Number of protein chains: 2
Amino acid sequence: MADDKAAILKGTLDMLILKIVALGPIHGYAISQRIQQISNRHFQLQQGSLYPALHRLENRGWLAAHWRATGTGREAKFYKLTAKGRRRLEAEVESWERTAEAVALILRTAE
Amino acid sequence: MADDKAAILKGTLDMLILKIVALGPIHGYAISQRIQQISNRHFQLQQGSLYPALHRLENRGWLAAHWRATGTGREAKFYKLTAKGRRRLEAEVESWERTAEAVALILRTAE
DNA sequence: GCGTATAGGCAGAAATGCTAGGCGTCTCCC
DNA sequence: GGGAGACGCCTAGCATTTCTGCCTATACGC
């Protein structure tokens with residue numbers, strides 16, 4: 001089991017997607033590539049995880065979607081962050097930072 | 001919704017438990033208190049999450065348990081780390097660190 | 001005798017991400 | 001013109017994990 005490529009940590013997927021979308025309108029396929037690229041290929045985001053997540057985020061009103069042509073002349077569904085989504089992203093990032101700190105605190109506890 | 005107390009981030013519970021147990025033999029109830037205490041009360045670990053997790057870790061051979069009296073004269077199940085558990089803990093910590101770094105990388109990506 | 005802290009446990013639900021497929025199109029190259 | 005592979009979207013079913021909510025029992029102070 002070479003866990004060279006790690007699955008995305010549960011609970012962080014939404015935040016990562018929101019963050020990528022916050023960088024500018026982007027379609028699903030490109031999101032997965034972007035996440036792998038930026039994370040130095042650490043994360044392996046499966047399409048079967050991505051698309052349901054996108055629909056979830058859209059249903060919650062954090063993302064808005066519309067079809068548009070890509071650079072390669074194909075139709076794709078572009079997502080962009082809503083105002084609500086931006087607030088959500090900020091909240092999730094803050095929560096993540098506090099959590100990461102708490103984990104670090106425990107891990108640093110000396111024997 | 002004051003999410004003052006955060007639930008434990010999915011996927012980190014096992015690691016945190018292993019880490020606490022690595023500090024010395026300890027029983028379940030004390031583990032939950034320790035985690036809350038060390039994390040500056042950030043984490044709220046429910047007993048309904050803790051005990052199933054302990055059984056899981058024991059079944060996998062990462063923890064070993066034996067009944068013993070506590071300081072207050074009550075019987076409690078003390079857990080200690082096995083050699084296998086120690087290796088597992090190291091692996092999980094390393095994986096966590098790489099993951100946290102990858103998340104940070106994405107979050108730091110400028111607009 | 002009673003309430004609270006200590007200590008362990010289970011059943012059921014909810015969320016989340018994965019595996020494993022399917023669909024159609026476009027481009028490139030032989 | 002035919003095949004391969006990249007692009008792009010999607011669903012169904014599953015496994016795992018953690019939560020909520022409940023139960024039991026003992027020790028101790030009042």
Side-chain angles (χ1 to χ4, degrees), chain A residues 1 3 5-18 25-37 39 42-60 62-63 65-79 92 95-96 99 103, chain B residues 1 3 5-18 25-37 43-60 62-63 65-79 92 95-96 99 103:
Chain A
M1 255 162 260
D3 47 329
K5 298 282 182 89
I8 291 215
L9 192 60
K10 314 240 175 189
T12 63
L13 178 57
D14 289 4
M15 178 178 68
L16 296 182
I17 291 177
L18 290 176
I26 187 171
H27 58 82
Y29 190 84
I31 292 176
S32 69
Q33 293 185 313
R34 206 91 154 76
I35 286 187
Q36 284 176 53
Q37 176 205 342
S39 70
H42 179 69
F43 290 129
Q44 178 90 41
L45 176 53
Q46 307 300 326
Q47 297 199 343
S49 308
L50 174 64
Y51 290 110
L54 285 174
H55 300 156
R56 203 166 57 224
L57 297 178
E58 194 182 354
N59 283 336
R60 290 178 185 167
W62 298 336
L63 295 183
H66 52 280
W67 290 88
R68 221 173 63 197
T70 70
T72 64
R74 214 169 310 197
E75 286 295 303
K77 206 167 168 184
F78 280 78
Y79 290 91
E92 289 211 15
S95 165
W96 159 263
T99 294
V103 169
Chain B
M1 259 168 249
D3 46 329
K5 298 284 180 86
I8 290 218
L9 192 59
K10 317 242 174 189
T12 63
L13 178 57
D14 289 3
M15 177 178 69
L16 296 182
I17 291 177
L18 290 176
I26 189 172
H27 58 82
Y29 190 83
I31 292 177
S32 70
Q33 292 185 313
R34 208 89 155 76
I35 287 187
Q36 283 177 53
Q37 176 205 342
F43 289 130
Q44 178 91 40
L45 177 53
Q46 307 299 325
Q47 296 198 343
S49 307
L50 174 64
Y51 291 110
L54 285 173
H55 300 156
R56 204 166 57 227
L57 297 177
E58 194 182 353
N59 283 337
R60 289 178 186 167
W62 298 336
L63 294 183
H66 53 281
W67 289 88
R68 222 172 64 194
T70 70
T72 64
R74 210 169 314 197
E75 287 294 303
K77 210 166 166 185
F78 280 77
Y79 290 91
E92 289 212 14
S95 165
W96 159 263
T99 294
V103 169

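Since the structure is predicted, the reported quantities are computational estimates derived from the model, not experimental observations. Letters go in sequence order (proteins before strands), and every chain restarts at 1.
Considering only heavy atoms from C-beta on, A/Leu9 stays 4.5 Å or farther from B/Val103 through its side chain. By the 4.5 Å heavy-atom criterion applied to side chains, B/Tyr29 and B/Leu50 are not counted as neighbours. Using a 4.5 Å heavy-atom threshold, the side chains of A/Leu54 and A/Ile31 count as touching. Counting heavy atoms from C-beta outward, A/Gln46 and A/Ser49 have side chains that approach closer than 4.5 Å.
Between A/Gln47 and A/Thr12, the residue anchored nearer the 5' end of DNA chain C, judged by the nucleotide with its closest heavy atom, is A/Thr12. For the pair A/Pro52 and A/Thr70, nearest-nucleotide mapping onto DNA chain D gives the more 5' position to A/Thr70. Annotation: of the two residues near DNA chain C, B/Ala76 and A/Leu13, the 5′-most nearest-nucleotide partner is B/Ala76.
Rounded to whole angstrom, the span from the CD atom of B/Gln44 across to the C1' atom of D/dG21 amounts to 15 Å. What separates CD of A/Gln46 from P of D/dG8 is a distance of 18 Å, to the nearest Å. A straight line from NE2 of A/His55 to P of D/dA12 spans 12 Å, rounded to a whole angstrom. Following rounding to the nearest Å, B/Trp67 (CH2) and C/dT6 (C1') show an atom-to-atom distance of 12 Å. One can place CG of A/Leu9 at 10 Å from P of D/dT18, the figure rounded to the nearest angstrom. Taking atom CD of A/Glu75 as the reference point, atom C1' of C/dC26 lies 13 Å away to the nearest angstrom. Distance CG (A/Leu50) to P (D/dC9): 9 Å, rounded to an integer number of Å. Residue B/Lys77 contributes atom NZ, which lies 15 Å from atom P of C/dA7 at whole-angstrom precision.
Set against D/dC19, D/dC7, C/dG8, the side chain of B/His27 has C/dG8 as its closest nucleotide. Side-chain proximity of A/Tyr51 to the nucleotides D/dC10, C/dG17, D/dC19 is greatest for D/dC10. Here D/dC10 is the nucleotide among D/dA6, D/dC10, C/dT19 with the atom lying nearest to any side-chain atom of A/Tyr79.
Within 4.0 Å of B/Thr72, counting heavy atoms only, lie sugar-phosphate atoms of the nucleic acid but no base atom. Backbone-only engagement by A/Arg60 is indicated by non-hydrogen atom pairs under 4.0 Å involving sugar-phosphate atoms exclusively. A/Gly48 comes within 4.0 angstrom of a base, heavy atoms only.
Here A/Arg56 reaches the OP1 or OP2 of C/dG17: one of its side-chain N or O atoms lies under 4.0 Å away. Of the side-chain N and O atoms in A/Tyr29, one or more sit less than 4.0 angstrom from OP1 or OP2 of D/dC7.
Annotation for A/Gly28 and A/Tyr51: closest pair C-OH, 4.1 Å, computed over non-hydrogen atoms.
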